[in-house]
Structure formats: C-alpha cells, structure tokens
Amino acid sequence: MRWSSAFIPTLRDDPTDAEAVSHKLLVRAGFMRQLMAGHYSMTPLGFRSLRKLEAIVREEMEKIGGQEFQLPCMHPREIWEKSGRWSTMGDEMFRLQDRKEADVALGMTHEEIFAFHAAELRSYKSLPQIWYQFQSKFRDEARPKSGLLRVREFTMKDSYSFDLDEAGLDHSFDRHFEAYRRMFKRFGFEIVAVEASSGSMGGNTSIEFMLRTDAGEDWVAGCGGCGYAANVEKAESVIPEIADGEGLAEPEKFPTPGVKTIDDLAKMDGGAAGDRQIKTLVYKIDEKDVLILLRGDHQLSEQKLVDQVESETMRPAEPGEIKKLLGALPGSLGAVGRGDLFVIADLALQGRKDMVTGANEDGFHLRGVDLARDIDVKGWLDLREVQNGEACPMGGKGLEVYKTLEVGHIFKLGTKYSEAMGATVQNENGESVTLVMGSYGIGLERNLAAVVEANHDENGICWPVNIAPYEVCVTVVKPKDVECHEAGERLYEKLSESGIDVIIDDRDERPGVKFKDADLVGFPYRVTIGPKGLADGVFEFVRRRDGQKRDIPIEHAAETIVEAVLDERS
RNA sequence: CGGGCCGUGGCGCAGUCUGGUAGCGCGCUUGACUGGGGGUCAAGAGGUCGCGGGUUCAAGUCCCGCCGGCCCGACCA
C-alpha cells in the first residue's frame with residue numbers, strides 16, 4: 001500500500017469525547033470512526049487489524065476441531081420464547097416487527113439457534129461437535145462507552161459444544177480453555193482466567209478471561225501467592241473470627257436518635273463498631289419480601305444473591321414498601337422477632353452474639369442480639385463482596401482487588417437450551433439423551449481495543465506483529481529525491497514479494513510528520529530511507545515497541561527486515 | 001433509567017452571562033522557500049452556529065420543546 005493513496009485519517013488531537021486510551025488512539029490513528037453511540041465503522045486500517053485478529057481466532061478454533069457456520073442475525077420470536085429468554089432478556093434485546101407484524105429479534109448470542117440446528121444430530125456416534133461462527137451481535141446497552149469496549153453492535157466469535165455427557169462437556173470446555181489462552185497470547189497480552197458468575201446464561205461453571213487494565217469495568221480478586229483469582233461477583237475470602245462476649249439475656253432496645261447509617265451508629269456514644277452490627281436489607285424477590293442480613297461493615301454482592309436464589313425477578317424494596325412491612329425506614333431495620341418473614345443471612349454472621357441491629361422503630365436499635373437465639377434465619381449464604389486485603393480462601397496471601405476488562409467468557413451450559421430445542425441423540429443403548437452444551441464467546445472489536453490498551457505509549461499504538469495493519473512502514477524521507485525514491489520503491493517491492501505486509505510512506509510531507517504518523521498508527525517496524533543513510537549505504541531500521549534503532553546495509557536490508565518480522569509472527 | 005456536562009467550518013476550541021458584521025489554532029487548496037521528529041512566508045476555500053417553535057426591529061446568544069453525544073451511577077450473555 002502507498003500511503004499517498006491510502007485513506008488513513010489521522011488526527012493531531014485527541015477526540016474530545018474519548019476517555020479510554022484505546023478509544024482515543026484508535027480514532028486518532030485513523031482505525032475507526034463513530035456512527036452513533038455504540039456503533040463504530042472500521043476504516044481500512046482498523047478492518048485490516050480486525051481481520052488479522054479474526055484469522056487467529058479462526059485458526060485456534062480449527063485446531064480444536066471447530067466447524068465454521070454462519071447463522072442469521074435476525075431471529076423469530078418463537079425460538080427465544082422456547083428458551084424463556086424472550087422475556088428474560090428484557091430491554092437489552094433489540095426487537096422489531098416485519099411487515100406482517102411478526103416479532104423479530106436481533107441476536108445477542110446464538111445458543112438457541114445453534115441448539116435448534118443441533119436437533120438434527122441423531123446419534124452419539126456423531127459427538128462431540130464444536131460449532132462456531134463470526135457474527136454481528138446486537139445488544140441495546142443502557143450505556144455504551146469507552147469506544148469499542150462497550151458497544152451495541154459488534155462481531156463475536158461464538159462457539160458451542162455438544163456432548164453426550166458431563167465428562168464430554170468437560171473435555172470440550174478444556175479444549176476451548178486452552179484455545180483461548182493461545183489466542184490471547186498471540187494477541188499480545190496477558191490475561192487472568194477467573195471463576196465467574198454465569199449471569200443470564202444459565203449453567204453452573206463459567207470462566208472469564210480478564211485483562212488487567214483501568215479501562216475495564218469488572219473487579220477481580222486475585223491472590224499473588226497461589227494464583228487464585230475470581231470475579232468479585234463470585235470471589236470468596238477468609239476473614240478473621242471475631243470473639244463475641246456473652247451479651248445479654250435478651251435483646252435490649254435503646255434510643256439512637258438521628259442514626260441513619262452503619263457509620264452513624266459506629267460513631268455514636270454507646271453505639272457499636274461496624275463489625276458488631278447487623279445490616280438489614282429488604283428485597284422483593286419475585287415480589288415476595290425477603291430480609292438480607294450482613295455484617296455492618298460488609299457489602300452485599302447482588303450477583304451472589306442472584307446466583308444462589310432461584311427467581312425470575314429481584315429488586316431492592318422501595319422505602320415506602322419497607323416502612324409498611326417493618327414499620328421503620330432504612331437506618332433502623334432489623335430481623336429480630338420477624339420469624340414470619342423469609343430471612344437470608346451472610347455466612348460471616350453465623351454464630352455471632354451480642355450484636356446491634358435496628359429495632360424496626362425509627363430512632364431505636366437493639367443491642368445484645370444473638371443470631372442463633374433471636375433471629376429465625378431461613379438460609380445461610382455467602383453474600384459478602386470480598387474486600388481488598390482479605391485472606392485468600394486457598395490459604396495463600398492477601399487478596400488484591402483490581403480492575404479488569406472481560407476479553408472472553410466460556411460457559412458450561414448443561415442442557416437448558418438443548419432441552420428447549422429438543423436436541424437429543426440416541427446413546428449406545430438406544431436411549432434418548434439430551435445433549436450437554438457449552439458456549440464460548442470472544443468479542444473481536446473489544447479484543448482489538450484490548451490489544452491497544454495493553455500495547456501503547458505516549459506517542460501512539462505499538463501493535464504486535466500479529467495484529468498490526470501493516471508489519472513494516474517504509475518511510476521515504478525525501479520522495480522528490482530520485483535516489484531516495486528509487487531505494488524506497490525497491491525495498492517496498494522486495495518486502496511485498498516476500499509476503500510482508502508493508503506500506504510505503506511516499507507522501508510529500510516533512511519527515512517529522514511521517515515519523516509522528518507512523519508512531520501514532522503503530523507499525524511494529526519502520527525503515528527510514530533518506531539521503532544521510534544512502535550516503536553511508538544504510539537504511540535505518542526502527543522497532544516501535546522499544547525504539548531500538550540500527551543501521552542496516554542496503555544490500556541485506558530486505559532479508560534482515562523479513563527475518564525480524566517472521567520471527568515475531570505466531 | 002437517575003445525576004452532571006456538552007452540541008459553533010474536517011479536528012480542537014472562543015464567542016452565549018450582558019441580543020447588533022461568526023472568530024482563533026490545527027488541518028485543507030495554490031505557490032515559493034525548505035527537508036532526519038508535526039518548518040516558514042504569501043494567497044485562498046470551507047460554517048443552515050444540532051433541529052423545531054417562540055420573544056424581538058434584530059437571536060449562535062433569551063424562552064419552550066425535541067434530537068444527538070460524553071462522563072458518573074444503576075444495569076450489563
């Protein structure tokens with residue numbers, strides 16, 4: 001490619017509406033443009049990199065026996081109703097009607113559709129199957145943000161495994177796990193694999209692949225000692241036991257005027273520290289009132305609650321509803337004496353005595369509360385969100401909680417979708433068996449942005465060779481000079497013929513402009529061809545990621561460059 | 001969906017409070033000098049001031065409504 005005839009719209013300034021590094025750089029370096037919130041057009045440079053990323057994913061999928069499909073992105077309502085997700089997906093699913101007023105959805109994911117086709121599988125002999133596709137996904141995100149990191153329309157490689165039993169699923173899952181690890185390595189960044197909540201996908205096990213970056217929006221708790229890592233939606237930790245006094249023979253009410261929060265009560269004379277309080281939350285779970293109890297200084301992980309309670313809907317109760325139910329407003333709530341209500345308590349409260357909690361009368365609390373004696377807890381669950389510094393559950397060191405970006409997610413689904421779609425095969429004994437499914441997703445655009453988040457400096461992007469739109473940029477310092485021009489053209493020809501993705505910067509621009517542009521766009525290697533070097537019989541060869549420069553003799557220049565590039569392809 | 005901020009040449013912004021000729025930097029075009037990290041000079045092109053209504057002799061500026069974008073939060077296979 002000749003820069004002089006390429007469409008590479010670089011910008012001198014950061015776009016004002018960009019915050020994330022990858023967003024700023026991908027726009028500035030001319031890889032993409034926004035069409036509307038959450039929808040981006042990839043320009044030729046961006047599309048080249050995206051295709052390279054896609055090729056890597058495809059290679060790794062083929063390696064584990066994946067077979068590529070292409071499914072429609074518009075789906076009939078019926079198929080989503082069969083799985084129950086027409087209603088559970090809510091506003092996040094784009095919906096429209098055709099001319100016959102039939103309901104149609106834009107696919108957010110394809111479990112239903114692949115399971116529908118898997119219903120054609122007849123015999124255990126044809127298992128396992130791994131099916132995949134690259135397809136646009138549509139999700140009506142409440143808040144698209146950070147450029148490509150959170151969008152409403154994107155390309156995903158999604159694959160689905162079909163096995164006869166759990167053992168088969170485990171194997172397909174493990175194969176994917178390894179394939180994903182290889183992909184991220186080839187993309188040029190390190191990931192942590194964490195246990196995750198499966199969210200609305202259903203199923204029991206899921207692993208997220210996380211890139212550590214402040215541009216992310218998921219929190220992970222990781223142990224430096226043993227390698228344990230989990231999304232905070234799922235993470236556990238060990239906290240020191242607290243020795244309680246015997247307390248009182250029965251709870252005693254005392255006035256706490258003006259106390260509205262855990263902190264207020266901790267600071268009040270005659271109050272109690274956060275870890276001696278019981279925090280009482282009221283939730284409407286399938287419109288039934290439920291009290292949730294936690295230690296005062298702990299935070300509820302709503303996702304843990306969702307994952308452990310079977311329900312269609314869940315929401316915090318409104319203040320009005322709470323007043324009506326308990327007779328007091330938040331700040332003075334408690335579960336003592338409310339055996340008529342469903343009470344769920346966090347494990348950290350188990351066995352605690354001499355605690356303080358609300359009296360269900362505004363401005364009053366109870367002291368001397370003994371969980372076992374005074375509160376009728378119907379269920380003990382782990383509901384607490386882990387905090388930075390708490391001990392690792394695997395016996396390692398302290399946990400560090402840090403921000404990450406989810407770059408891939410793999411699920412063991414079980415039979416939810418195969419059952420809904422009637423995807424069964426006959427086993428050796430002629431019995432009908434429901435297929436056991438897994439599903440595995442990786443968003444292409446988000447991963448492209450992740451590569452940038454992990455590979456950039458103050459001057460621009462530093463693409464790894466594998467993802468770079470062009471591997472080498474030949475900068476002709478003085479294109480009007482015949483010798484310069486011809487030397488550049490010759491090298492460009494040789495590199496092209498050797499199969500290198502090369503762009504020649506033949507624009508009649510000042511050298512500084514070309515260097516800045518090349519750094520911004522982020523080609524892994526750049527060759528400077530100018531009068532100075534020519535006089536000495538050399539080209540200057542520059543590596544983007546560390547700025548390493550060396551002069552290479554013109555006669556071996558092409559070979560040297562080809563070798564350097566091939567060395568880094570993987 | 002709640003809170004905040006913002007829409008003015010391609011990009012970044014000033015002008016809006018206090019109504020009165022639409023401006024600046026970068027980029028772009030042409031020419032000259034230049035030429036190893038965004039050079040200099042000269043001459044140009046380019047804007048229904050997000051959209052609609054209203055007030056006024058007069059609206060980028062004031063009022064009402066709408067649309068769009070960004071950030072925080074809620075939400076998020």
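These numbers come from the heavy atoms of this one structure, side chains and all, not from hydrogens, waters or symmetry mates.
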Looking at B:C49, which nucleotide sits across from it as a Watson-Crick or G-U wobble partner, both distances under 3.5 angstrom, or is there none?
none
Nearest-Å distance, CD (A:E92) to P (B:C75)?
12 Å
Nearest-Å distance, CG (A:D505) to P (B:G35)?
19 Å
If we take the C1' atom in both B:U55 and B:G73, what is their distance in whole Å?
38 Å
Once you apply a heavy-atom cut-off of 4.0 Å, does A:M156 come out as touching a base, just sugar-phosphate, or nothing?
base
Give me the distance, rounded to whole Å, that separates B:G10 from B:C71 when you measure between the P atoms they each carry.
23 Å
Pairwise C1' distance, B:G35 and B:G47 [rounded to whole Å]:
35 Å
A:D517 vs A:D13, nearer the 5' end of RNA chain B by closest nucleotide:
A:D13
Identify whether any heavy atom of A:G530 sits under 4.0 Å from a base atom; if not, whether one sits that close to sugar-phosphate; answer base, sugar-phosphate or nothing.
base
Side-chain contact check for A:R526: nearest option of B:G35, B:C75, B:G37 is B:G37
When rounded to whole Å, the CD to P distance for the pair A:E19 and B:G73 reads 11 Å
When you measure from the side chain of A:K516, which nucleotide among B:G12, B:G38, B:G36 comes out closest?
B:G38
Closest non-hydrogen atom pair, A:V476 against A:K514:
O-NZ, 2.6 Å
Name the pairing partner of B:G12, where a pair is Watson-Crick or G-U wobble with both distances under 3.5 Å, or state none.
B:C24
Return the orientation label for the A:W3 and A:F523 ring planes: parallel under 30°, perpendicular over 60°, tilted otherwise.
perpendicular
Write down the distance separating the C1' atoms in B:U30 and B:U21, rounded off to the nearest Å.
28 Å
For a quick check of understanding: with a heavy-atom distance under 4.0 Å over all strands, which category does A:D508 fall into, base, sugar-phosphate or nothing?
base
Watson-Crick/G-U partner (both atom distances under 3.5 Å) of B:G68
B:C6
Among B:G36, B:G35, B:C11, which nucleotide sits nearest the side chain of A:K480?
B:G35
Quick one: do A:K284 and A:D289 satisfy salt bridge (Lys or Arg N to Asp or Glu O under 4.0 Å)? Show the steps, please.
CA-CA 5 Å; A:K284 287 272 188 185; A:D289 297 305; 3.0 Å; yes
Could you check whether the side chain of A:D481 and the base of B:G35 have a donor-acceptor pair of N or O atoms closer than 3.5 Å, going by distance alone?
no
Could you please name the partner base of B:A58, counting Watson-Crick and G-U wobble pairs only when both distances are under 3.5 Å?
none
Quick check on B:C72: is either OP1 or OP2 less than 4.0 Å from any side-chain nitrogen or oxygen of A:K145?
yes
Using OP1 and OP2 only, check whether a side-chain N or O of A:Q34 sits under 4.0 Å from B:G68.
no
What nucleic acid atoms does A:D158 come within less than 4.0 Å of, heavy atoms only: base, sugar-phosphate, or nothing?
nothing
Tell me the interatomic distance from A:D17, atom CG, to B:G50, atom P, rounded to whole angstroms.
16 Å
Whole angstroms only, please: what is the CD-P distance between A:E509 and B:G36?
14 Å
Quick one: on RNA chain B, does A:K532 or A:D218 contact a more 5' nucleotide (nearest heavy atom)?
A:K532
Answer for the Watson-Crick or wobble partner of B:U29, both distances under 3.5 Å, is B:A43
When you check the side-chain N and O atoms of A:S4 and A:R507, is any donor under 3.5 Å from an acceptor?
no
With a 4.0 Å cut-off on heavy atoms, is A:T10 in touch with a base, just the backbone sugar-phosphate, or nothing at all?
nothing
What contact category does A:G90 fall into here, base, sugar-phosphate, or nothing, at under 4.0 angstrom with non-hydrogen atoms?
nothing
Between A:W131 and A:F114, what is the ring plane arrangement, given parallel below 30°, perpendicular above 60°, and tilted in between?
tilted
Nucleotide forming a Watson-Crick or wobble pair with B:G19, both distances under 3.5 Å:
none
Say you pick atom P in B:G60 and the same atom in B:C51; how far apart are they, in whole Å?
11 Å
Minimum heavy-atom distance between A:L520 and A:A29, given as atom pair plus value:
O-CB, 3.7 Å
Within the 4.0 Å heavy-atom criterion, would you say A:P531 contacts the bases, only the backbone, or no part of the nucleic acid?
base
Quick one: is B:C11 close enough that its OP1 or OP2 comes under 4.0 Å of any side-chain N or O from A:R12?
no
Under 6.0 Å from the CD atom of A:E483, do we count more than 12 heavy atoms belonging to anything else shown?
no
Give me the one residue out of A:D551, A:V474, A:L491 that meets side-chain contact (heavy atoms from CB on, under 4.5 Å) with A:F539.
A:L491
Testing the 3.5 Å rule here: is there a donor-acceptor pair between the side chains of A:E406 and A:H409?
yes
Watson-Crick or G-U wobble partner for B:A74, using a 3.5 Å limit on both distances?
none
Please tell me which of the listed nucleotides, B:C75, B:G12, B:G69, lies nearest to the side chain of A:A142?
B:C75
Strictly below 4.0 Å: does A:R143 bring a side-chain N or O up to OP1 or OP2 of B:C72?
yes
Categorize A:F154 for me: base, sugar-phosphate, or nothing, with a 4.0 angstrom heavy-atom threshold over every strand shown.
base
Between A:E141 (CD) and B:C72 (P), how many Å, whole number?
14 Å
Whole angstrom value for the distance that separates C1' of B:G10 from CZ of A:R33:
10 Å
Taking atom C1' in both B:C24 and B:A32, what distance in whole Å separates the two?
26 Å
Go through B:G35, B:C75, B:G38 for me and flag the one nearest to the A:E302 side chain.
B:C75
Pairwise P distance, B:G65 and B:U48 [rounded to whole Å]
27 Å
P gap between B:G37 and B:G50, integer Å:
41 Å
Of the listed nucleotides (B:G35, B:C71, B:C13), which one gets closest to any side-chain atom of A:T16?
B:C13
Among B:U34, B:C13, B:A74, the one nearest any side-chain atom of A:R510 is B:U34
Specify the separation, in whole Å, of atom CZ of A:R315 and atom P of B:C75.
14 Å
